[in-house]
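Shown next, in structure tokens, is the structure this report addresses.
Keep in mind that this is a model prediction, so the values were computed, not measured. Labels below follow one simple rule: chain letters A, B, ... track the order of the sequence lines, proteins then strands, and each chain is numbered from 1. Note: hydrogens, waters and symmetry copies are ignored here, and every other heavy atom, side chains too, is used.
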Amino acid sequence: MKKSRTDMIFNLSLVALIFAAVIIVENIPGVNPMLSTVLKKGSIYALVAVSMNLLNGFTGLFSLGQAGFMLLGAYTYAVITIPDSAREKVYMYVKEGSAVSRAWFDNISNALHMSEDVSKLLIMIIGMLAGGLIAAFFSWLIGLPVLKLKRDYLAIATLGFAEIIRAIFQWDKLGPVTNGSNVLRNFPTFKTAVFPLTVSALCILFIVLLINSTYGRAFKAIRDDEIAAEAMGINLAHHKRLAFVISSFFAGIGGALLAMFQNTLQATPFKSAMTYEILLIVVIGGIGSISGSIIASFLYISASEWWLRGLDSGKFLFIESPAVLRGGFRMVVFSVIIMIIVLFFRKGIMGEKEISVTRFLKLFKKKDEKNKEI
Amino acid sequence: MSNNILEINNLSVSYGGIKAVKGVTIEVPEGSIVTLIGANGAGKSTILRTICGLEKTKTGSIKFLGEEILGKPANYIVAKGITLVPEGRCIFPNLTVLENLKIGAYLRKDSIEDDINYVFSLFPRLREREWQLAGTLSGGEQQMLAVGRALMAKPKLLMMDEPSLGLAPLIVKDIFSIIKTINDRSITVLLIEQNANMALQVADIAYVLETGSVTMTGKGRELLEDERIKEAYLGKKKQ
Ligand SMILES: Nc1ncnc2c1ncn2[C@@H]1O[C@H](COP(=O)(O)OP(=O)(O)OP(=O)(O)O)[C@@H](O)[C@H]1O
Ligand SMILES: [Mg+2]
């Protein structure tokens, strides 16, 4: 067990280092604003990708409902946290106005004489947790019938669920809650990348601990061989549902973070394309590797939001991009890169492995030994 | 009460419309080795799978230590003390050897350290490969792991579905001597075997199954001498 402890200490210090770097980078004026975008969006996608990996990579349940659960989390967050003073303007296209109020929270906050910052942070946390819980609740509801389905059917059913949820949230009759197809705005958001990074890191830490627990081992056993797992006394229905609910909970939290990142919220972007994007990240990182998913998220977001932007705007890798290529060519390049990765690096960046210092050190030791022999 | 740890009475199992097991009655005395032999498709695996709750049926009864377990979920039955080594080395290929063993003890709450050491003492090859992914083990090692994993549940009744399938004769001998050792630790064994010769040598009682029904019962050694058995399952011509 000594091996995993050194790894743990290493990983924790790595995380601490990243945090320190982020705080420094964000406080230097004139730093590329794209870097901040990448850190924010990358950390959100990392969380969602890891939550998808928990289901698809570790439990072997091929679910494509991620965007739907993110939408549930995002909307729950926004609807709960918009200040009452702003509601009239936000819901102005809805005849009945907003049916939800956060007066209950403001009363408590006033009664306890909370400072504005504390109050804002608290409602953000409450909103996020509520978003996660609503997403988890819906996954619990559909879990029973849906999880009985095998591979492809499960994928189709969850994909369908996500589309239905999106349609329902745009439905006029629900306007007093969801604002129909109009934009939700004015909910509290974060300014620096520290907030999403912290939330993601805590959530991912929880998932890692879960995967390394007896539960996680049972998930992996189900993935490897359902019948043998059942013969070992693992309750299949219970564990599959557990994995599904936990994964959806974190997708919901990720959705709430995404809403904050975007500042405004609409149901349209939560299409199946978003799920595919996340699936792609999981595949690129390596199905069944947490560190792979995290690395892939940051790479993916960097590429799509930053490195390839130059193709659109003129300068790419210090070369002037020809005018013909501007406007849309970025996505072509991006798709080609993705295709190459999927075709030639099928196991992803990390395969099923995790970043591990002990393995890394072993590599050196072996080399040393070889050198000695020579 | 009799000293039977397991009593199967008039059990029938069908898949869709097809009856795979037709009114089978089997008794397994506590502490014994009982074997089921029979041709391919006779229904042997189906019986074992039904005992541990992987296959559902309503007709018949299965009593374990006097308690009716037919219709109970697999996790309940495993917790009661029945473990199955499934057909065809169903180990978990992407888990390490050690993780596989731990999964075997999934329903136990007590310390498993001693049992892991016990399994490693039975199968020293597994100890050397503790951190290896189970899918990369050789066929024989995988079968050892499957047996070791089942032992981790500390079963009272261990059921094995063709543990010698596809193994070299030397390893088959090893597996059978391990079965003996396990049995000496007062674990009752219910064994399915294609290798009727070996099975009948170790078994206290044998049942012969043909297309879903029991056609013959007897002491293992007795059946070994039986002409019909010799011809049908041991590949020996009548003199
Ligand atoms: N899931 C299933 N669906 C339909 N039919 C099945 C199923 N499982 C088994 N059968 C059928 O039930 C019969 C008995 O199968 P079973 O696996 O119990 O045989 P067996 O005695 O273990 O054979 P073998 O020695 O080849 O393993 C066979 O005819 C088989 O085709
Ligand atoms: Mg069989």
Could you state the interatomic distance from OH (B/Tyr76) to CG (A/Asn235), rounded to the nearest 0.5 Å?
-> 14.5 Å
Rounded distance [0.5 Å steps], CZ in B/Arg108 versus OG1 in A/Thr214 | 13.5 Å
Top residue by heavy-atom pair count (under 4.5 Å) with chain A, among B/Ile77, B/Val85, B/Leu95, B/Ile82?
-> B/Leu95
For A/Ala218 and B/Tyr106, which heavy atoms make the closest approach, and how far apart are they?
-> CB-CE1, 3.7 Å
Over all atoms of both residues, closest heavy-atom pair of B/Pro86 and A/Ala231 | CG-CB, 4.4 Å
Check the surroundings of atom NZ in A/Lys220: do more than 12 heavy atoms from other residues, nucleotides or ligands lie under 6.0 Å from it?
-> yes
Checking heavy-atom separations under 4.5 Å from chain B, one finds in residues 245-254 of chain A none
Is the number of heavy atoms from other residues, nucleotides or ligands within 6.0 Å of CZ (A/Phe298) greater than 12?
-> yes
How about B/Glu67: does its CD atom have over 12 heavy atoms from other parts shown lying under 6.0 Å from it?
-> yes
Would you say B/Lys63 has more than 12 foreign heavy atoms packed within less than 6.0 Å of its NZ?
-> no
Compare all side-chain heavy atoms of A/Met232 with those of B/Thr83 and state whether any distance is below 4.5 angstrom.
-> yes
Close side-chain approach of B/Ile103 and A/Ile234, heavy atoms under 4.5 Å | yes
Within 6.0 angstrom of A/Tyr215 OH, more than 12 heavy atoms from elsewhere | no
Applying side-chain contact (heavy atoms from CB on, under 4.5 Å), run through B/Asn75 and A/His238 and close with a yes or a no.
-> CA-CA 11 Å; B/Asn75 52 327; A/His238 173 76; over 6 Å; no
Winner by heavy-atom pair count (cut-off under 4.5 Å) against chain A, out of B/Asn94, B/Val78, B/Leu107 | B/Asn94
Measure B/Pro73 against the heavy atoms of chain A and call it side chain, backbone, both or neither at under 4.5 Å.
-> neither
About how many Å separate CG of B/Leu54 and CD of A/Glu230, when rounded to the nearest 0.5 Å?
-> 5.0 Å
